Amino acid sequence: MSINITLPDGSVQEHQDGTSGYEIATGIGSRLAKAAVAVTVDGEMWDLHRPIEDDAAISIVTDNTEAGRHVIRHSAAHIMAQAVLDLYADAKFAIGPAIEDGFYYDFEVDEPFTPEDLERIENRMAAIIVEDQSFDRGELSIEEAMETFANQPFKREIIAGVDADEGVDGDSVSIYRNDAFIDLCRGPHLPSTGRLKAYKLTRSAGAYWRGDEKNPQLQRIYGTAWESKKALDTYQTRLEEAAKRDHRKLGAELDLFSFPQELGSGLAVWHPKGGILRRTVEDYSRRTHAEFGYEYVVTPHLAKADLWETSGHLDFYRETMYPAMELDGGEERPGQEYFVKPMNCPFHILIYKSRGRSYRELPLRLFELGTVYRYEMSGVIHGLMRARGFTMDDSHIFSTETQLADELQRLLDFVVMVLRDFGFDEFEADLSTKPDKAVGEPDLWVKAEEYLATALDKSGVTYQLAPGEGAFYGPKIDIHIKDAIGRRWQLSTIQVDFAQPENFDLEYATNHNTKERPVMIHRALLGSIERFIGILTEHYAGAFPPWLSPVQVTVVPVADRHNEYAQEVADLLGERDVRVEVDTADDTVGEKIRTAIVQKNPVVLVVGDSDVDNGTVGMRLRGEETEERGVALADATNQIAELVAPPR
RNA sequence: GCCGGGGUAGCUCAGGGGUAGAGCAACGCACUCGUAAUGCGUAGGCCGCGGGUUCAAAUCCCGCCUCCGGCUCCA
């Protein structure tokens, strides 16, 4: 019997039933067949050699596509598990998926893996690959599978949990066998182990079964796998490039900040150059907030337990707060508990409550660069990205229900403007909606979610819905940016809050002199200033836009006799608010230029005899191959003043 | 917090029971130079902290601190 195979270009080929993706690929061309790793049959990924019995639309999956690499990585995970089970007879294996850029597999073993173990496993994998064992697909009933994996508790747990849409059908599962190794798997796989060309085991780590720290901790081995040695090399180069951008490394090299061990984990000190960077960001933040109708406030770093009781933080957030300190106690009587603030909201609420509020004052936008402390688990601290003390560009907006839609729109436009000013152009948002357990009137939830969605649409920010992911007290928008090397970072948050106005019994007088409860919006644009500067550092690889660069211009005198003129040039620039340094070190011109470039300073001015005579400078701009000599001083200062001007 | 790997000069790293090392940076001297590293010299160390083993510990053992990677990506 013959069947009709529809190819991606729409053409239809006639084949014998029981043909395979591999045969079809071979018919099209030997190069395609060679690159093929799997086939999609009516949208479902199949093994290359699995017989196709009916008419179908197919597409050959080649090894240099993301789908193809997924197959390669998944197969690599199997081969690794096989190697581990060969070497460690008692190992229990759990799950081993393909992930971005690689794969992992989790095992329960007596002793955690050491780097030497990884080497042994890698060698064993090489032997399995040389044997070129074929991956054979099979199906087992649930009972048979339970039997087959009698000694594999994790596999049995998975089998017990399969849904109809995960297994072949409701009561059977698919398995893959190569040589004596059998794994429960949806597939598809490479035709044989010999097709794994380029792989590397990268690290081992503890990982909780199903990601839950209440479950036993398994040993996870991570690896990477690619279609060719060359692709693997490219990947490794990419990692090295990313490592060069690491803000912790650049922070030290550019003398921006450090994390002295004497201070404590997760706490940074800002050096003078980092201080300039930070102040520039903060000044921008204060300036733009003022322009957008925010009122600047300042609040203390601690507050009594009562406040955190009322706000609910002690109930919901206590383990992330620094522990209480008891103050003002005496011999006889107990003291009062104080907590360092993990958030600024209760303080802003107290400012709202400091007197009666009228509808005429709303929306009231209180803004603070508020420094908070959070006791993050020691294992998650990561430079400025995850610190224990940081400063938020935090604001709480108190608005009437009827103002909410406009206010959210205005806010979102503000966010987009700010992020663009820092050089981010690609945004994506998540809109998180009402979870099952929630406070606040259902009507109000629906309205608020609708306003948020409308605001996103109008601002042209693409977004994904995260149903049920909102906090219990209100819906929110999270905004992610994409950095220069394609990574996503969550930056801004806009969180509607129906609970706090209730907790603190907030109200305002309406135009009929009745009392109404305001709605509250928590929002941060840059989020943590520390983290934001970390992200900026990595985005720009330390080469900050001129308005943010701690040193904007370095003046290099060719010889000592030009020092005086160099200083005159610097003074002129200083008058134009340009941050400028004169390098009078006893180095060669080449060395001084190199130092300025390595420090990623945007402008280097070289001055020598001819410049002194003619009132000119030699100007080298960051990112340009060559310098421009003999630039008239007035032209240079004008050009530089323009270059370093902030976006607004 | 849990699992693994680290902590030696300001930085990057070598050394692994018996005298503490290199390169870069710093400092000094010479050179006064026109666009990415001039030469020579000098100084710099509680080998993360505490305890133990030993005739002897940077090195071996124990505890702590701290840094790095992982603990979401569901056969």
Side-chain angles (χ1 to χ4, degrees), chain A residues 74 77-78 81 93-106 109 111-115 117-118 145 149 152 154-163 166-167 173-176 183-187 202-222 243 246 248-249 252-253 255 258-266 319 375-383 554 556-563 585-599 604-611 617-620 624-630:
Chain A
H74 200 174
H78 269 235
F93 58 142
I95 58 167
I99 56 173
E100 195 179 343
D101 295 334
F103 60 91
Y104 68 77
Y105 218 114
D106 287 346
V109 282
E111 294 288 324
F113 296 110
T114 63
D117 291 330
L118 295 199
F149 294 105
Q152 292 294 343
F154 300 105
K155 295 297 173 189
R156 289 168 61 91
E157 193 176 324
I158 293 159
I159 295 164
V162 283
D163 299 324
E166 282 183 309
V173 294
S174 60
I175 54 154
Y176 278 79
D183 196 1
L184 184 68
C185 185
R186 233 185 329 221
T202 48
R203 55 181 161 260
S204 64
Y208 298 100
W209 169 235
R210 306 211 144 157
D212 188 337
E213 61 185 286
K214 288 191 270 302
N215 287 335
Q217 192 166 43
L218 306 178
Q219 294 302 318
R220 175 171 297 179
I221 301 177
Y222 282 92
D246 191 312
R248 293 164 301 187
K249 184 178 158 68
E253 284 171 5
D255 200 12
S258 59
F259 298 89
Q261 300 213 348
E262 296 86 338
L263 254 191
S265 185
E319 68 282 9
Y375 185 68
E376 300 285 356
M377 283 201 294
S378 63
V380 304
I381 286 165
H382 182 91
T554 309
V556 174
V558 171
D560 290 351
R561 64 178 178 277
H562 310 120
N563 285 359
D586 189 12
D587 287 324
T588 60
V589 174
E591 173 72 26
K592 287 193 243 189
I593 288 167
R594 180 170 192 277
T595 305
I597 289 173
V598 167
Q599 287 292 303
V604 181
L605 299 180
V606 179
V607 294
D609 286 333
S610 73
D611 296 298
V617 295
M619 185 156 69
R620 170 189 272 269
E624 290 185 12
E625 292 287 309
T626 53
E627 75 282 3
E628 193 183 349
R629 300 204 188 179

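Within every chain, numbering begins at 1; the chains are lettered A, B, ... in the order of the sequence lines, protein sequences first and strands thereafter. Since the structure is predicted, the reported quantities are computational estimates derived from the model, not experimental observations.
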Taking the P atom of each, how far is B:U54 from B:C2, in whole Å? 32 Å
Sugar-phosphate, base or nothing in reach of A:Lys592, heavy atoms under 4.0 Å: nothing
Rounded to whole angstrom, note down the C1' distance from B:A25 over to B:C11. 7 Å
Provide, to the nearest angstrom, the distance between the CD atom belonging to A:Glu262 and the P atom belonging to B:C49. 11 Å
Is the phosphate of B:G34, meaning OP1 or OP2, less than 4.0 Å from a side-chain N or O of A:Ser610? no
What does A:Gly211 touch in the nucleic acid at a heavy-atom separation under 4.0 angstrom: a base, only the sugar-phosphate, or nothing? sugar-phosphate
Please work out if A:Ala559 contacts a base, only the sugar-phosphate, or nothing of the nucleic acid, heavy-atom cut-off 4.0 Å. base
Roughly how far, to the nearest 0.5 Å, is the CD atom of A:Gln219 from the OH atom of A:Tyr104? 14.0 Å
Whole angstrom is fine here: how far is it from NZ in A:Lys249 over to P in B:C13? 8 Å
What integer number of Å spans the P atoms of B:G41 and B:A36? 27 Å
Quick one: label A:Gly590 by what it contacts on the DNA or RNA (base, sugar-phosphate, nothing), any heavy atom closer than 4.0 Å. sugar-phosphate
If we take the P atom in both B:U72 and B:C13, what is their distance in whole Å? 29 Å
Where the side chain of A:Arg594 is concerned, which of B:U35, B:A75, B:A36 is the nearest nucleotide? B:A36
Using a heavy-atom cut-off of under 4.0 Å over every strand shown, decide if A:Val604 touches base, sugar-phosphate, or nothing. nothing
Short side-chain N/O contact to B:G69 OP1/OP2 from A:His382, under 4.0 Å: yes
Just to be sure I understand the rule, does A:Ser265 reach a base, reach only the sugar-phosphate, or reach nothing, if contact means heavy atoms closer than 4.0 Å? sugar-phosphate
At under 4.0 Å, does any side-chain N or O of A:Arg629 touch on OP1 or OP2 of B:G34? no
Phosphate-side-chain proximity, A:Arg561 and B:C33, N/O vs OP1/OP2 below 4.0 Å: yes
Separation between the C1' atoms of B:G21 and B:G45, rounded to whole Å: 11 Å
Find the partner of B:C71: check Watson-Crick (N1-N3 plus N6-O4 or O6-N4) and G-U wobble (N1-O2, O6-N3) distances, both under 3.5 Å, and reply none if neither fits. B:G1
Would you indicate, yes or no, if B:C74 has its OP1 or OP2 atom less than 4.0 angstrom from a side-chain nitrogen or oxygen of A:Arg210? no
Using only atom types and a distance under 3.5 Å, with no angle test, would you say the side chain of A:Ser174 pairs donor to acceptor with the backbone of A:Cys185? yes
Using whole Å, what does the distance between atom P of nucleotide B:G5 and atom CG of A:Asp117 come to? 10 Å
RNA chain B: 5'-proximal contact among A:Glu213 and A:Arg248 (nearest heavy atom): A:Glu213
Is any side-chain nitrogen or oxygen of A:Thr588 closer than 4.0 Å to OP1 or OP2 of B:C33? no
Confirm from the modelled atom types if A:Asp587 and B:C33 form a donor-acceptor pair under 3.5 Å, side chain to base only. no
Tell me the interatomic distance from A:Tyr104, atom OH, to B:A75, atom C1', rounded to whole angstroms. 11 Å
Which value, in whole Å, describes the distance between the C1' atoms of nucleotides B:C40 and B:C31? 11 Å
A:Asp212 has an atom CG; how far is it from atom P of B:G1, in whole Å? 19 Å
Gap in Å between the two P atoms, one belonging to B:A14 and one to B:G48, rounded: 14 Å
Rounded to the nearest 0.5 Å, the CZ atom of A:Arg156 sits from the CD1 atom of A:Ile158 at a distance of 12.0 Å
Please name the nucleotide paired to B:C29 by Watson-Crick or G-U wobble geometry with both distances under 3.5 Å, or report none. B:G39
G-U wobble or Watson-Crick pairing nucleotide for B:G34 (cut-off 3.5 Å, both distances): none
Just wondering, are more than 12 heavy atoms of other shown residues or ligands nearer than 6.0 Å to CD in A:Glu100? no
With A:Arg203 as the cation and A:Tyr222 as the aromatic partner, state whether NZ or CZ is under 6.0 Å from the six-membered ring centre and within 45° of the axis. yes
Please figure out whether A:Gln219 or A:Glu591 has its closest RNA chain B nucleotide nearer the 5' end. A:Gln219
NA contact type, A:Arg203, heavy-atom cut-off 4.0 Å: base, sugar-phosphate, or nothing? sugar-phosphate
Has the side chain of A:Tyr208 got a donor or acceptor atom sitting under 3.5 Å from an opposite partner on the base of B:G70? no
Under 3.5 Å, is there any donor-acceptor pair linking the side chain of A:Ser204 to the base of B:G5? no
Is a donor-acceptor pair below 3.5 Å formed from side chain A:Arg620 to base B:U35, judging by atom type as modelled? yes
Check: B:G34 base within 3.5 Å donor-acceptor of A:Asp611 side chain: yes
Drop me the distance from A:Phe149's CZ to A:Leu184's CG, to the nearest 0.5 angstrom. 5.0 Å
Taking CD1 from A:Ile593 and P from B:U32, how many angstroms apart are they, rounded to a whole number? 19 Å
Taking A:Asp183 first and then A:Lys155, would you say they form a salt bridge - that is, a charged N and a carboxylate O separated by under 4.0 Å? yes
Please say whether the positively charged group of A:Lys214, taken as NZ for Lys or CZ for Arg, lies over the ring of A:Tyr208, i.e. under 6.0 angstrom from the six-membered ring centre and within 45 degrees of the axis. no
What distance, rounded to whole Å, do you find between the two C1' atoms, one in B:G15 and one in B:G34? 45 Å
Just to be sure I understand the rule, does A:Val589 reach a base, reach only the sugar-phosphate, or reach nothing, if contact means heavy atoms closer than 4.0 Å? sugar-phosphate
